[in-house]
Amino acid sequence: MAERELIKTTCPRDCYDGCGIVVTKRDGEIRKVLGDPDHPVSRGALCGKCAVAYNGAWRDPNQRLTTPLKRVGAKGEGKFTAISWDEAIADIAARTKAIVAKSGPASVLSTHYTGTCAVVATNFPNRFFNRLGATEADPDTVCNAAGYTALELTIGTALVGFDPRTAKDANCILVWGCNPSASAPHAHKYWLPESPAKKIVVDPVRTESAQAADLHLQLRPGSDAALAYAMLHVLIRDRLIDHAFIDAHVVGFDEVAAIAAKCDAHWGEAQTGVPVADIERAAQLYGAGPSLLWLGQGLQRQPQGGNIMRACAMLPAATGNIGKPGAGLYYLNGKSATRNMELGVLSAPQLRQGPAPKVSHMDLADHVMDADTTQALFCWNMNIAASVPNQKKLRQALKREDLFSVVIDLFQTDTADLADYVLPAASFLEFDDLAGSYFHLSLGPQAKAMEPLGQSLPNSEIFRRLARAMGYSEPELYESDAALIAYQLDKFKPGLTFDQLKRVGTLPVSDDVVILHRDLKFATPSGKIELASDQAVKLGLPRTAQPTVDKPPSQGRLRLLSPAGKWLLNSSYANDARIEQLMGGDCVILNPAEAERRQLHDGQRVTLANASATLELVLKIQDIVPDGTALTYKTRWPKMGGQGINVNALNPGLRADMNNSTALHGVEVEIAAA
Ligand SMILES: Nc1nc2c(c(=O)[nH]1)N[C@H]1C(S)=C(S)[C@@H](COP(=O)(O)OP(=O)(O)OC[C@H]3O[C@@H](n4cnc5c(=O)[nH]c(N)nc54)[C@H](O)[C@@H]3O)O[C@H]1N2
Ligand SMILES: Nc1nc2c(c(=O)[nH]1)N[C@H]1C(S)=C(S)[C@@H](COP(=O)(O)OP(=O)(O)OC[C@H]3O[C@@H](n4cnc5c(=O)[nH]c(N)nc54)[C@H](O)[C@@H]3O)O[C@H]1N2
Ligand code: SF4
Ligand SMILES: [Mo]
């Protein structure tokens, strides 16, 4: 009889769900990677994309990088030769030392993000770059940095939301600028339907989550602040305001109420396209409470994304919907902020002796293009050539013959094609770590289920080897994964060991529902929710959220949205053949009236063009987007489509109003028959 072994592990992708996984092994070989039936989120099934990719490309030695590679052809030609780890590490350290000696440590750039969100694999390599004194491409600027600033100004943190388990106590769940049906598939399938609350979705797109909701407010992109003000107007008009809460815990309500006085529902309809009756119904449902407000990350990827987040945060402040059962405002639940962990120590900031220069991903292409600022680039946990704006220029910059570049990944991505050295990373199935979602208040084991494929290594081990070759002596650079894991686990639950966690799988932070913000002490200068903020003024921002909307696209252009799709996780899985098949061709969606006005028909090839690039896609006509809006999804590998670019070539690096963060949903394009 074949010997069967089951291993409980956790999906470490950048995803709200944080699914529990069961790996089935027979005679020492992995047979299946499936959802853990005992796990409260996955309940026996992974999302479609992971179910395919974890049993496909992620374990396929023909797809995975299995040895270190050194470039032999011209930059970008894609010609590499396999070398040993010793040779790769020695070469990289020698080049890096020479660059640091000649041009200073800040000429070394580290660009990284959340290719894995596992605790050690995401954070530990920062120790190396802190010791080196490298420049960092500010990670969150490609994703959610505007929202961080907006919520820090308003409630003092962006990392403490609500415990999803409190949905049983809610009468209303308002999902604003988030699409769980793609980005949090289990929240869409179970969490939302199982709550007794009425669901309201605010999204320009009629997503599956919007279709399933009791009410869908289909506003024009970038008009959310006006919608929030119109809802506040109705809340005040209908006496749904919690004055006792405001008196005790809110600063600046009178200032925003004075603005809201001019923003009645008719004004709101004109500004946003949402019918008066729907604005009123949404305000009344939300105001009756208790109500949860989920602010998506898509919401703040707008030219006025920060302002929009501040405007939406007026609603819980005005109605006291925070810090009690069934209420709260969620953007992200940080593991340090909500699970007692200390992720900060994983980066050992004390190893940095000099300044900590940062550059926004919006400026990455220009920064890398400039030989005076950048001599070396390390890219890990990230596929910049696919996912960062100003794609054509970035590609050109990465082709600089005098740029020394190292890419660490599981796969030969477009970014890896442009590297001098490519280092093979082990997958989450191949080393121990900790993982958990940024929604649910739990933590799971990432348990090693097989040996690293080929010669691949976990990020942590790669950077320990690099540190040694650089001659660094600080002990933090050599701490073992086991020690790092044990430290974090003990913070999460004193005394908990990794073996214990592996046996049970995911553990919640507590048995009972946690009421976040229960003490109603907010980490703002006043200790209250600041709807009017002196800190904002110091940053050059308005004192309060403004009831403004984006201008409609100019001269017949379309606003192009490119949110999360179902079959890719950012750029990951784009190289899995089965995913490619399931996904179908790369398309752009217009509504029937918009297509007719432009004399375009379903299935035809069209070009999307602006000053940055021209991209060819197949047109689909679907009544799910408003006039003036086009929808496509992020982000195939540029080299897969035959055009060498993807949607991010159309984005010149638009930035939001806060924190040099991305405004990728603000891109405008012309459309024409191809
Ligand atoms: N048009 C458009 N562009 C977008 C977005 C959008 O909505 N629209 N979203 C933006 C957002 S929110 C994000 S977060 C970015 C993310 O964009 P990407 O950088 O494309 O993110 P991922 O695909 O999650 O992961 C990046 C790489 O990490 C690798 N990886 C996985 N595990 C490991 C590991 O253990 N070690 C190493 N070294 N590598 C590993 C994967 O193979 C993958 O190639 O894209 C941004 N770009
Ligand atoms: N399947 C899948 N899941 C993912 C990812 C993925 O790529 N694929 N990416 C992961 C990552 S890194 C992240 S950051 C999250 C992001 O996931 P979400 O927080 O859901 O963000 P997005 O997918 O960018 O956009 C969500 C919704 O915002 C809408 N939107 C666009 N513009 C506006 C606007 O002006 N106003 C309003 N109200 N809504 C608007 C879009 O139409 C979209 O339906 O998802 C994670 N999960
Ligand atoms: S990507 Fe998200 S939905 Fe898919 S398996 Fe991982 S945690 Fe679950
Ligand atoms: Mo993201």
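Order of listing sets the numbers, starting from 1, for every ligand and every atom in it. Reckoned from all heavy atoms, side chains included, excluding hydrogens, waters and symmetry mates. In this chain, residues are counted from 1 in sequence order.
Between Ile384 and ligand 1, no N or O atom pair is found at a separation short of 3.5 Å. Between His665 and ligand 1, not a single N/O pair is under 3.5 Å apart. The shortest N/O to N/O separation between Thr635 and ligand 1 does not fall below 3.5 Å. Residue contacts with ligand 1: Trp58 is placed with no nitrogen or oxygen under 3.5 Å of a nitrogen or oxygen of the ligand (distance criterion only).
Every atom of ligand 1 with a heavy atom of Phe411 under 4.0 Å away is listed here by number and element: 42 (O). Listed by number with element, the atoms of ligand 1 under 4.0 angstrom from any heavy atom of Ala425 are 36 (N), 37 (C), 38 (N). Short contacts between ligand 1 and Ala426, defined as distances under 4.0 Å to a heavy atom of the residue, involve ligand atoms 35 (O). Taking a cut-off of under 4.0 Å to the non-hydrogen atoms of Leu410, the atoms of ligand 1 that pass are 30 (N), 31 (C), 32 (N), 33 (C), 34 (C), 40 (C). Per-residue contacts place Ile408 under 4.0 angstrom from the following atoms of ligand 1 (heavy atoms of the residue considered): 37 (C), 38 (N), 39 (N). Shown in contact with Thr413 at under 4.0 Å from a heavy atom are these atoms of ligand 1, numbered in order with element: 44 (O). Atoms of ligand 1 found under 4.0 Å from any heavy atom of Ser571 (numbered from 1 in listed order, with element): 18 (P), 20 (O), 23 (O). Set against the non-hydrogen atoms of Tyr113, the atoms of ligand 1 under 4.0 Å away are 14 (S).
Within the 4.0 Å heavy-atom criterion, neither part of Phe428 lies near ligand 1. If you look at Val647 next to ligand 1, the close heavy atoms, those under 4.0 Å, all belong to the side chain. Only side-chain heavy atoms of Asn648 come within less than 4.0 Å of ligand 1; its backbone N, CA, C and O stay farther off. With a 4.0 Å heavy-atom cut-off, ligand 1 is reached by the backbone of Ser562 and by its side chain too. Contacts with ligand 1 closer than 4.0 Å are made by heavy atoms of both the backbone and the side chain of Asn381. At a heavy-atom distance under 4.0 Å, no atom of Ala386 approaches ligand 1. Only side-chain heavy atoms of Arg13 come within less than 4.0 Å of ligand 1; its backbone N, CA, C and O stay farther off.
One side chain, Asn459 or Asn381, offers a donor N or O that lies under 3.5 Å from an acceptor on the other. In summary, the side chains of Asn55 and Lys32 do not present any donor paired with an acceptor at a separation below 3.5 Å, with no hydrogens or angles considered. No side-chain donor from either of Trp637 and Asn646 sits under 3.5 Å from a side-chain acceptor of the other. Side-chain N/O atoms of Asp14 and Tyr438 include a donor and acceptor closer than 3.5 Å. The closest side-chain donor-acceptor pair between Asp657 and Gln304, if any, does not fall under 3.5 angstrom. A donor atom on one side chain and an acceptor atom on the other are found under 3.5 Å apart for Asn179 and Ser181. For the 3.5 Å distance criterion, the side chains of Asp138 and Ser360 fail to qualify, holding no donor opposite an acceptor. Residues Asn659 and Tyr148 have side chains that never bring a donor and an acceptor to within less than 3.5 angstrom of each other.
Taking 2.8 Å as the limit, the number of protein N, O or S atoms around atom 8 (Fe) of ligand 3 is 1.
Under a 4.0 Å N-O distance rule, the pair Arg578/Asp576 does not qualify as a salt bridge. Look at Asp432 and Lys448 and you find no salt bridge, because none of the NZ, NE, NH1 or NH2 atoms lies under 4.0 Å from a carboxylate O. Under 4.0 Å is where a charged nitrogen must lie from a carboxylate oxygen, and between Asp417 and Arg71 no such pair does. Using a cutoff of 4.0 Å between basic side-chain nitrogens and carboxylate oxygens, Asp420 and Lys70 are not scored as salt-bridged.
Within a 6.0 Å sphere centred on NZ of Lys189, other residues, nucleotides and ligands contribute 12 heavy atoms or fewer. Enclosure of atom NZ in Lys566 is not indicated, since only 12 or fewer non-hydrogen atoms of other residues, nucleotides or ligands lie within 6.0 angstrom.
Of all protein heavy atoms, the one closest to atom 21 (O) of ligand 1 is Asn570 CB, 3.4 Å. Regarding atom 9 (N) of ligand 1, its nearest protein heavy-atom neighbour is Lys634 NZ, 3.2 Å. Among protein heavy atoms, atom 23 (O) of ligand 1 sits closest to Ser572 OG, 2.8 Å. The single protein non-hydrogen atom nearest to atom 36 (N) of ligand 1 is Asn459 OD1, 3.0 Å, given as residue, atom name and distance. Remark: minimum distance from atom 19 (O) of ligand 1 to any protein heavy atom is reached at Asn383 N, 2.9 Å. In terms of protein heavy atoms, atom 44 (O) of ligand 1 is closest to Asp409 OD2, 2.7 Å. From the protein, the heavy atom lying nearest to atom 10 (C) of ligand 1 is Val142 O, 3.4 Å. The nearest heavy-atom contact from the protein to atom 17 (O) of ligand 1 is Ser387 OG, 3.0 Å.
Relative to the ring axis of Tyr573, Arg636 does not place its NZ or CZ within 45° and under 6.0 Å from the centre. Cation-pi geometry between Arg127 and Phe463 is not met at under 6.0 angstrom from the ring centre and within 45 degrees of the axis.
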* Checking side chain to side chain donor-acceptor pair (under 3.5 Å) for the pair Ser110/Trp380: CA distance, chi angles, key distance, verdict? -> CA-CA 8 Å; Ser110 164; Trp380 50 284; 3.1 Å; yes
* To do: Would you sort out whether Lys49 and Glu580 count as a salt bridge (Lys or Arg N to Asp or Glu O under 4.0 Å), showing the intermediate values?
  => CA-CA 10 Å; Lys49 59 193 180 296; Glu580 176 84 7; over 6 Å; no
* Stepwise salt bridge (Lys or Arg N to Asp or Glu O under 4.0 Å) test for Glu668 and Arg559 -> CA-CA 5 Å; Glu668 291 182 14; Arg559 180 83 171 245; 5.7 Å; no
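Comparing heavy-atom distances from atom 26 (C) of ligand 1 across His112, Arg301, Met382 singles out Met382 as nearest.
Partners of Asn610 according to the side chain to side chain contact (heavy atoms under 4.5 Å, CB included) rule, which considers only residues two or more places apart in sequence or in another chain, are Arg557, Ser612, Leu650, Val667, Val669.
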